[in-house]
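Right, one structure below, let's go through it.
All residue numbers refer to positions in the sequence shown, counting from 1. From a predicted model like this one, the values you see are computed outputs, not experimental measurements.
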Amino acid sequence: MSQITHELVLEVLDGCGDSALEEAGRLGPARQVTPTELSLVTDDLDGVRGLRRVVAASSGLTVPARRPRELLETSVQQQLAELLADIGRQRPRQRFHGLRLEAAGSQTPDMRRIAEAIAELAGVEVSEDGDLVVRVRRGIPEHTWQILLRTTPRPLSTRPWRTVNYPGAVNGTIAATVLDLLEVGSEDSVLDMTCGSGTFLIEQLHDVVPARALGVDLDPSAIEAAQQHQRAARRKGRIDWIAGDVLTAEIDPGFTRILTNPPWGTLHGEHESNEQLLADLLARAAQLAAPQARMGVLTHEITRMQRVLEESSSGWRPIEEHRFFQKGHHPRLFLLERG
């Protein structure tokens with residue numbers, strides 16, 4: 001159990017902020033600072049590790065100072081030692097193997113001394129690939145500096161169950177947010193039409209277990225990866241997996257929630273053929289959907305998807321378009337409802 005109250009900085013992907021804010025608020029007072037940063041006050045670091053809509057969490061210390069060298073003062077170092085000790089009390093224990101400083105001017109003498117001082121407090125060496133990530137930045141208000149200590153060796157967005165490196169897997173925090181927007185309940189039956197290595201359905205097991213869950217993918221290696229991931233996740237709840245073409249496979253209809261993250265032309269698929277694929281997926285989803293079902297289509301093919309919706313007679317009605325931003329990619333979730 002944590003011994004002190006932490007003022008945490010939570011990194012989020014743009015588009016996941018509202019969902020992450022609601023989740024973080026269960027641990028203490030939380031507020032959104034920017035589209036990619038939240039503030040959380042909590043003494044439950046163990047609980048923070050369970051946040052699924054957050055990329056990373058850092059314990060923050062804001063210091064009145066005009067220059068970085070003032071961060072080397074004894075009183076500041078004592079506070080940092082307390083934060084590090086509390087991070088070390090997490091259960092299971094978080095083991096760090098090196099300190100990596102992320103700061104403007106990180107190679108200046110003052111910044112190097114700061115890194116060395118914090119590394120000594122933590123009992124590790126300064127390393128370019130260190131997993132104790134320390135950020136130093138100017139604070140707000142003026143004439144303050146902020147030191148941020150990441151509370152875990154790996155980002156929270158790195159799913160421990162993802163044991164197979166399957167190309168094109170959707171980011172876990174985006175997947176969790178998509179599922180929030182779909183509002184999946186325990187009575188729902190969920191179909192992932194292009195499940196890949198299983199991210200959506202396995203993420204759903206960490207929240208509400210649906211009455212029925214089915215993942216389908218053309219690639220047998222994707223289904224093998226999904227099955228391995230489900231075993232590694234060790235979550236209660238059944239998921240059925242089918243290696244085959246969702247457009248032609250024998251599938252019992254009646255799904256109340258349907259997902260697809262179809263190929264979009266970078267790792268898989270071709271841009272020109274993807275427009276027809278989107279149309280085919282919507283038509284097939286209509287055949288498998290229950291009345292008033294909801295569907296989420298996560299795609300980078302924005303213009304093509306909009307054109308398909310305008311021209312389609314499948315009966316799907318657009319509810320919302322939700323944008324995400326991730327490392328130069330801008331996928332958009334199209335939320336649809338069956339009429």
Side-chain angles (χ1 to χ4, degrees), residues 52 157 159-182 184 188-269 274 277-278 280-290 293-301 305 324 331-336:
R52 309 196 63 78
S157 57
R159 303 314 200 218
W161 51 259
R162 206 190 291 273
T163 57
V164 179
N165 184 20
Y166 187 80
V170 64
N171 175 277
T173 67
I174 290 179
T177 301
V178 167
L179 292 164
D180 289 340
L181 292 168
L182 271 177
V184 179
D188 284 309
S189 51
V190 183
L191 168 65
D192 188 342
M193 304 180 76
T194 50
C195 68
S197 56
T199 302
F200 280 119
L201 296 180
I202 294 169
E203 282 294 317
Q204 184 58 53
L205 294 186
H206 286 80
D207 285 321
V208 177
V209 177
R212 178 188 178 197
L214 173 63
V216 185
D217 201 279
L218 270 173
D219 185 357
S221 66
I223 296 300
E224 291 175 7
Q227 291 170 329
Q228 289 187 47
H229 289 161
Q230 185 184 3
R231 288 193 293 269
R234 297 181 180 179
R235 306 297 297 189
K236 292 182 178 180
R238 176 178 173 178
I239 303 174
D240 295 316
W241 306 100
I242 294 178
D245 188 345
V246 72
L247 301 179
T248 57
E250 291 188 11
I251 299 172
D252 291 334
F255 291 95
T256 58
R257 297 291 185 269
I258 299 176
L259 287 155
T260 183
N261 178 28
W264 45 273
T266 296
L267 292 174
H268 305 286
N274 284 345
L277 174 60
L278 288 167
D280 292 343
L281 287 170
L282 288 186
R284 179 59 168 156
Q287 296 173 355
L288 298 174
R294 283 195 171 190
M295 182 175 185
V297 181
L298 184 66
T299 180
H300 291 69
E301 302 279 18
M305 181 63 188
F324 296 98
R332 189 174 302 186
L333 175 69
F334 289 80
L335 273 175
L336 314 174

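Nearest heavy-atom pair, Leu201 versus Ala213, reported as atom, atom and distance to 0.1 Å: CD2-CB, 4.4 Å. Closest heavy-atom contact between Thr199 and Gly172: CG2-CA, 4.4 Å. Among all heavy-atom pairs drawn from Glu301 and Leu278, the shortest one is CB-CD1, 4.1 Å. Annotation for Gly254 and Ser189: closest pair O-OG, 3.1 Å, computed over non-hydrogen atoms.
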Practice task
Evaluate the criterion side chain to side chain contact (heavy atoms under 4.5 Å, CB included) for residue pair Arg162 and Val164; output intermediate values, then yes/no.
Solution key: CA-CA 6 Å; Arg162 206 190 291 273; Val164 179; over 6 Å; no
Problem - Check against side chain to side chain contact (heavy atoms under 4.5 Å, CB included), Phe255 and Arg212 - result: CA-CA 8 Å; Phe255 291 95; Arg212 178 188 178 197; 3.2 Å; yes
Handout entry: side chain to side chain contact (heavy atoms under 4.5 Å, CB included) between Glu203 and Leu179, worked out
Key = CA-CA 8 Å; Glu203 282 294 317; Leu179 292 164; 3.7 Å; yes
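Judged by distance alone, the side chains of Gln230 and Trp241 do bring a donor and an acceptor atom under 3.5 Å apart. Of the N and O atoms on the side chains of Asp188 and Thr256, at least one donor lies less than 3.5 Å from an acceptor on the other residue. Under 3.5 Å, the side chains of Thr260 and Thr194 contain a donor-acceptor pair of N or O atoms.
Looking at residues two or more places apart in sequence or on another chain, you find a side-chain hydrogen bond (donor to acceptor under 3.5 Å, both in side chains) between Asp180 and Ser19, Arg53.
Within the 3.5 Å criterion, the main-chain N or O of Thr163 finds a donor-acceptor partner in the side chain of His229. Using modelled atom types, no side-chain atom of Asn274 and backbone atom of Leu277 make a donor-acceptor pair closer than 3.5 Å. Gln227 places no side-chain N or O within 3.5 Å of a backbone atom of Arg231 that could act as its donor or acceptor partner. With hydrogens and angles disregarded, a donor-acceptor distance shorter than 3.5 Å links the side chain of Arg257 to the backbone of Leu182.
Note that the CG atom of Asn261 and the CG atom of Asp192 stand 8.0 Å from one another [nearest 0.5 Å]. Rounding to the nearest 0.5 Å gives a distance of 6.5 Å between CE of Met193 and CD1 of Ile258. Residue Tyr166 holds its OH atom at 4.0 Å from CG of Asp219, rounded to the nearest 0.5 Å. Rounding to the nearest 0.5 angstrom, the gap separating the OG1 atom in Thr299 from the CZ atom in Arg332 is 10.0 Å. In this structure, the separation between OG on Ser157 and CZ on Arg52 is 10.5 Å, given to the nearest 0.5 Å. For the atom pair SG of Cys195 and CD1 of Ile223, the computed distance is 3.5 Å after rounding to the nearest 0.5 Å.
The shortest side-chain heavy-atom distance between Asp252 and Leu214 does not fall under the 4.5 Å cut-off. Side-chain contact check for Phe324 versus Thr177: some heavy-atom pair is nearer than 4.5 Å. The shortest distance between side-chain heavy atoms of Val216 and Ile242 falls below 4.5 Å. The shortest distance between side-chain heavy atoms of Ser197 and Glu224 does not fall below 4.5 Å.
Among Asp245, Leu191, Leu247, the one residue that satisfies the side chain to side chain contact (heavy atoms under 4.5 Å, CB included) test with Arg284 is Leu247. A side chain to side chain contact (heavy atoms under 4.5 Å, CB included) with Val297 holds for exactly one of Leu281, Val178, Leu282, Leu333; it is Leu282.
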